[in-house]
Every structure is written in structure tokens, then in C-alpha cells.
Amino acid sequence: DGGITQSPKYLFRKEGQNVTLSCEQNLNHDAMYWYRQDPGQGLRLIYYSQIVNDFQKGDIAEGYSVSREKKESFPLTVTSAQKNPTAFYLCASIQTPRKARTGELFFGEGSRLTVL
Amino acid sequence: AQSVTQLDSHVSVSEGTPVLLRCNYSSSYSPSLFWYVQHPNKGLQLLLKYTSAATLVKGINGFEAEFKKSETSFHLTKPSAHMSDAAEYFCVVSPSYTGTASKLTFGTGTRLQVTL
């Protein structure tokens, strides 16, 4: 079955440590996204990539970094510069031509990061 | 500019009774509108979307929503709630014809509780 796989599902980190969250998709989608979800808030966009070897900052990119070396993979690194990293992180992908109406986002099951 | 307001953070219904989750939007452009559902510690799943075809949109699991331009609303309804409908629901707005999810704006979510 096609889908998006995020790992790990739960992660604990000490302050000052970087951590990398994995996101892999086998949907053959061009565009991939990272969102952060906090209780009582909507999803906020961290980074997105519309094509391999290219990515753009979203609304809350500070303290995060990404890479897009392969179409299938879009890992997110939460760096020690992120002041409040405890959150639920969601990876998503979409396959919509640029001038088409926005299509359906497909989401992974998320990674919950807790900073101790 | 665009925004979305989910009018209730929490809705509780009895099993077998109707569900109404309210969403108002604001958009400078002709919008696309979506409802997503999220079960605990899971990713989001698309319920339905409006992209300027029929104003009454039918989705999965018996949900439907009506786009009312005059009221700038896109309320989600279901005639009869089931226990499995208990989840968080997000209303999402996007400018049409973007082909990208980078311009999506998520509401803050409505938690639906279904009681026996």
C-alpha cells in the first residue's frame, strides 16, 4: 500500500541535542511538507519541498533544517536552536500540478518529540 | 490574505444524533475548502473538499459540508453520529489554483466527543 512512513513515533531528547525525524513516501509525490502541531492550535508549516534538491521555509522554520536528496525522503532535523521543540510533528505530501486546484494532502502518522 | 475560524473547540453529541461542526472562512480569492479528521496520535485524513463545483459536498463516512459564499461558511454535518466519529476535525482554506499546499491555513480544530 502506498503511504507516508514517519519514524520514530515517539522520541525523547535532552536539551541541547539535535534530533532527526524521518519521513519516507512511496506515493511518487513531488511535494512534501513538515508541520508542527501543538495542543489547541492548527497545523503550522515548518518547511516544504516541491522538487528534489529544493526546499522552502514555511511559517516557523527557525531552529529546524531539512534536506531533499531523494524524491521519497524528506527528513527534518530539530536543532538545539529550537526554543520549544516539544510537539507533534507531521509529514505530508501532495501531487498536484502547479496550476491546478490544490489537491489532497496525505499525512504520515506523526512523530511525538518530547524534550526532557 | 485568508483565515479560518472553527467556532467550537469542543462538541459533544450522543450516538445516533446529528453532528454539526462550524467553520467560517475569510479569503481574498475564490477559495478551496477542506475538512480533515485526526484520530488520537494519528495523521490527518481528508474527509471532503470544495473546489467550486457543487456547493454541497459529500465526503467519506457519511459526512457532508455546504459551501455558503454569502455567509462565508463551510459547516460539516452528519445525520447520525457513530462512536467511531470521535476525533479532532480541522477546517482548512486555500487559495484556488495554487497547486501547492504551502498556502493552506488550518483552523484550530474541533474535538468531537460521541457519548452512548
Side-chain angles (χ1 to χ4, degrees), chain A residues 3-10 23 25 29-51 54-61 74 87-114, chain B residues 1-10 21 23-25 27 29-54 57 59-60 67 87-111:
Chain A
I4 298 179
T5 301
Q6 290 188 239
S7 62
K9 194 167 179 65
Y10 299 95
C23 177
Q25 57 104 352
H29 287 174
D30 289 319
M32 298 184 73
Y33 302 80
W34 274 105
Y35 292 92
R36 172 179 171 138
Q37 185 176 25
D38 295 283
Q41 299 191 34
L43 274 64
R44 292 182 290 169
L45 183 62
I46 304 172
Y47 266 99
Y48 65 101
S49 168
Q50 303 203 106
I51 196 168
D54 184 56
F55 49 83
Q56 306 295 328
K57 292 182 179 180
D59 301 317
I60 55 165
F74 190 42
F88 191 53
Y89 291 88
L90 286 161
C91 180
S93 69
I94 194 170
Q95 180 67 336
T96 308
R98 285 184 178 271
K99 294 190 177 180
R101 289 188 176 276
T102 305
E104 174 183 357
L105 268 174
F106 289 82
F107 285 85
E109 295 208 335
S111 293
R112 186 169 298 280
L113 172 63
T114 303
Chain B
Q2 64 185 19
S3 66
V4 59
T5 302
Q6 292 186 241
L7 298 164
D8 305 292
S9 60
H10 182 259
L21 305 183
C23 172
N24 286 355
Y25 71 92
S27 177
Y29 308 95
S30 176
S32 292
L33 291 156
F34 308 80
W35 276 99
Y36 282 84
V37 61
Q38 183 182 33
H39 289 90
N41 293 310
K42 299 290 187 182
L44 280 69
Q45 179 187 14
L46 181 69
L47 275 179
L48 50 80
K49 65 180 179 181
Y50 165 78
T51 55
S52 86
V57 181
I60 62 172
F67 173 71
E88 185 120 24
Y89 293 80
F90 292 92
C91 183
V92 184
V93 63
S94 170
S96 294
Y97 291 106
T98 62
T100 172
S102 63
K103 304 298 183 186
L104 293 180
T105 299
F106 287 78
T108 53
T110 298
R111 182 163 299 278

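The sequence lines fix the lettering, A, B, ..., with proteins before strands; numbering per chain opens at 1.
When heavy atoms are compared at a cutoff of 4.5 Å, B/Q38 approaches chain A solely by way of its side chain, counted from C-beta outward. Of the two parts of A/Y10, only the side chain, counted from C-beta on, holds a non-hydrogen atom closer than 4.5 Å to a non-hydrogen atom of chain B. A/Q37 touches chain B through its side chain: at least one heavy atom from C-beta onward sits under 4.5 Å away, while N, CA, C and O do not. In this structure, no portion of B/S9 lies under 4.5 Å from any heavy atom of chain A.
Here A/C23 pairs with A/I4, A/M32, A/W34, A/C91 under the side-chain contact (heavy atoms from CB on, under 4.5 Å) rule; sequence neighbours left out.
We find the OG1-CG distance between B/T108 and A/D38 to be 12.5 Å, quoted to the nearest 0.5 Å. For the atom pair A/E104 CD and B/L48 CG, the distance stands at 11.0 Å (nearest 0.5 Å).
The shortest side-chain heavy-atom distance between B/L104 and A/Y35 falls under the 4.5 Å cut-off. Looking at A/L105 and B/V92, their side chains never come closer than 4.5 Å, going by heavy atoms from C-beta outward.
Atom NZ of A/K9 is surrounded by more than 12 heavy atoms from other residues, nucleotides or ligands within 6.0 Å.
For the options A/L90, A/D59, A/L43, heavy-atom pairs under 4.5 Å to chain B are most numerous at A/L43.
Contact record, A/G42 with B/F90: CA-CE2, 4.3 Å, taken as the closest heavy-atom pair.
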